[in-house]
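See below for the structure under consideration.
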Amino acid sequence: ITTASAGKSELFYHYRQYTMSHDSSLSLLLYPVVSEQERLASFRLINALVGGMSHGIDPRTHQRAERLYQGIIRPILEANKPYESEKIALELVDVGAGSGSLSAAICHEILNEGLSPKFRLWFVDLEPANPTRFFRNRNIRIFVDNLTFLGDDYRDWLSRPKPLPDANCLRIALVSKLFNNLSRFSIRHLSGKELSPFLERTEGYPDGETCFPSICLAPGGKGEKSLVISNTRVSLQDGKTFVQLSLSTFYQGLYLLSRQTDFAQISAAGLFLPIRSFAPECLITKAGKSVISCSAANCDYIIVEDADLRPRDLVDHAFNFSLGSLTIRDMTKTLKLKGNYIYVIWPKREIAPLLAGEQIW
C-alpha cells in the first residue's frame with residue numbers, strides 16, 4: 001500500500017487493471033504513485049510492462065470506439081467530405097495512446113461503414129506499448145499508409161516548434177483519459193456538511209457505521225450485502241470520490257500513515273474517502289503554452305475524453321489563455337457519459353460539424 005521512505009509514507013494513485021490473458025479471470029492491478037515528481041516515471045514503468053503483455057483489450061474499448069465514431073467522428077467526416085462509399089483519407093493523432101487499442105477500434109468502425117480509407121496514424125506516449133499488434137490483421141493493415149510512435153511526454157512534445165509534419169488530409173487528435181493521469185489525489189476527512197449532498201445522491205446509504213465491515217460482517221450482522229463499496233464516481237465541489245463508504249476506516253489508516261497525524265486529533269464525525277481533482281497544469285506545455293491551442297495548431301479537430309476535466313475547468317483554461325479562435329462543444333450529455341466528460345474542439349476556420357452537444361466556448 002505504501003512505499004518505504006525516510007519521511008512520510010507515500011500513497012499510490014487509483015489503480016489500473018489489466019487482464020492477464022484471454023482465458024483467465026485473473027487481473028493485474030498496477031498502482032501509479034501519487035507524487036507528481038515521480039508519477040511520470042511510474043507511468044513509464046507501467047506502460048513498458050503492459051506493452052510486453054499479450055492480454056486482450058478492454059471489452060469496453062469497442063463500445064467507446066463506436067460511441068466516438070457515431071457521435072463525433074462520423075459527423076466530422078460528413079462535414080468535410082460527402083459521405084459516400086469512396087476512398088477517404090484520415091490522420092489520427094492518439095495522444096496518450098497506451099496500447100493503441102482505441103484508435104484501432106475506431107479504424108475498424110470506419111471500415112465497417114464499407115469505406116476504403118487510407119489511415120495515417122501517430123501515437124504519442126511516454127513509453128508506447130506496441131500498438132502494431134492491433135493492426136496485424138490484414139483486413140485493416142492494408143489501409144494504413146503510415147504508423148509512427150513518438151515516445152515523449154505530451155507537454156514536451158507539444159513544446160517543439162513542429163511536433164508533427166504538415167497534414168496531407170483531415171487530421172483528428174484523440175486525447176482519451178490522459179489529463180486525469182496528472183490529477184491530484186488525496187484522502188480527505190469529510191465532515192457531515194460536506195457529505196450531505198453526496199449522501200443524498202447515494203441510494204440506500206446506511207445510518208452511522210452500520211456499513212463498516214467490523215459491524216456488518218460480524219456474527220449476527222447484516223452480512224456482505226450491507227457493504228457500500230462501488231467504483232461509481234460521485235462529484236463533489238472540489239473533485240470526485242468513489243462510493244466506498246465501507247472503506248472509511250481503511251482510508252483513515254492511509255490518511256494517518258501519509259500525514260503522520262495523531263489519531264487522537266481526528267474527529268470521529270464524518271468519513272474518510274479518496275478525492276481526485278483536476279490539475280490545471282496538465283493543460284500547459286513545458287514551454288508555458290496551452291496544450292489545447294498547440295494541439296489545434298497541428299490538428300483540424302481535437303476530441304478530449306477525461307475523467308476529471310469539468311466544463312468550467314476547460315472554460316477557465318480557454319479564458320486564461322485567450323483561446324477566442326477556438327470552438328469548444330461539450331458532448332458529455334449527448335453521448336450519455338456518466339463517469340467521464342467528452343469535448344470536441346476546433347479552430348473557427350474549420351467547418352463546424354453537426355454535433356448535438358452544448359457549445360461552452
Side-chain angles (χ1 to χ4, degrees), residues 60-61 63-80 90-98 102-103 105-106 109 122 124 154-155 158 170-183 233 235 239-240 276-285 289-361:
R60 295 182 181 178
T61 297
Q63 180 184 10
R64 290 172 57 209
E66 181 181 9
R67 181 171 54 232
L68 286 170
Y69 174 68
Q70 295 294 342
I72 298 176
I73 295 176
R74 181 173 181 174
I76 291 176
L77 294 175
E78 290 175 338
N80 283 271
L90 176 65
E91 292 193 13
L92 282 178
V93 183
D94 194 340
V95 186
L102 184 59
S103 289
I106 289 173
E109 289 293 327
W122 307 85
V124 183
Y154 72 97
R155 294 168 300 177
L158 286 172
L170 180 68
R171 179 181 285 173
I172 300 175
L174 176 63
V175 189
S176 181
K177 300 184 179 181
L178 171 65
F179 300 140
N180 51 242
N181 287 342
L182 297 176
S183 291
R233 291 190 290 264
S235 295
K240 288 185 177 182
R276 280 177 46 153
S277 57
F278 175 71
E281 57 270 21
C282 74
L283 293 180
I284 304 174
T285 71
K289 297 183 178 181
S290 165
V291 164
I292 302 300
S293 65
C294 290
S295 299
N298 290 274
C299 301
D300 302 307
Y301 300 88
I302 308 164
I303 301 171
V304 178
E305 183 180 9
D306 199 77
D308 300 324
L309 177 59
R310 300 167 297 184
R312 68 171 179 264
D313 297 321
L314 191 51
V315 169
D316 287 345
H317 175 83
F319 179 81
N320 292 335
F321 283 84
S322 303
L323 305 184
S325 62
L326 300 182
T327 296
I328 303 176
R329 193 168 287 272
D330 183 358
M331 300 292 293
T332 306
K333 292 181 180 178
T334 301
L335 298 185
K336 300 179 180 179
L337 295 185
K338 295 182 179 179
N340 298 302
Y341 304 96
I342 191 162
Y343 311 95
V344 184
I345 306 168
W346 66 88
K348 292 182 177 178
R349 66 175 184 271
E350 301 295 342
I351 300 173
L354 295 177
L355 300 173
E358 176 188 1
Q359 183 168 327
I360 60 175
W361 181 260

Where do [X] and [Y] come nearest, in terms of heavy atoms and distance?
X	Y	value
L326	S293	CD1-CA, 4.4 Å
L178	D306	N-OD1, 3.9 Å
A296	I302	N-CD1, 3.4 Å
V93	C299	CG2-SG, 4.2 Å
L355	P75	CD2-CB, 3.8 Å
L335	I72	CD1-CD1, 3.9 Å

S183 vs K240, side chain to side chain contact (heavy atoms under 4.5 Å, CB included): CA-CA, chis, key distance, verdict: CA-CA 11 Å; S183 291; K240 288 185 177 182; over 6 Å; no
Side chain to side chain contact (heavy atoms under 4.5 Å, CB included) for I342 and R67? Distances and angles first, verdict last. CA-CA 11 Å; I342 191 162; R67 181 171 54 232; 6.0 Å; no
Distance (rounded to the nearest 0.5 Å) between [X] [atom1] and [Y] [atom2]:
X	Y	atom1	atom2	result
L68	E66	CG	CD	10.5 Å
I73	E109	CD1	CD	9.0 Å
I303	Y69	CD1	OH	12.0 Å
E350	N80	CD	CG	7.0 Å
I106	L92	CD1	CG	6.0 Å
I328	H317	CD1	NE2	8.0 Å

Backbone of [Y] reached by a side-chain donor or acceptor of [X] within 3.5 Å:
X	Y	value
N180	A307	yes
N320	D316	yes
K177	G96	no
R171	N298	yes
K289	L158	no
W361	L323	yes

Find out whether [X] and [Y] are in side-chain contact, i.e. whether some heavy atom of one side chain is under 4.5 Å from a heavy atom of the other.
X	Y	answer
Y343	L309	yes
L354	E78	no
L283	F278	yes

Are Y301 and L170 close enough, and set up right, to give a side chain to side chain contact (heavy atoms under 4.5 Å, CB included), and what steps lead you there? CA-CA 9 Å; Y301 300 88; L170 180 68; 3.7 Å; yes
Indicate, with yes or no, if the rings of F179 and Y154 have centres closer together than 6.0 Å. yes
Distance-only side-chain donor-acceptor flag, R329 / T334, under 3.5 Å: no
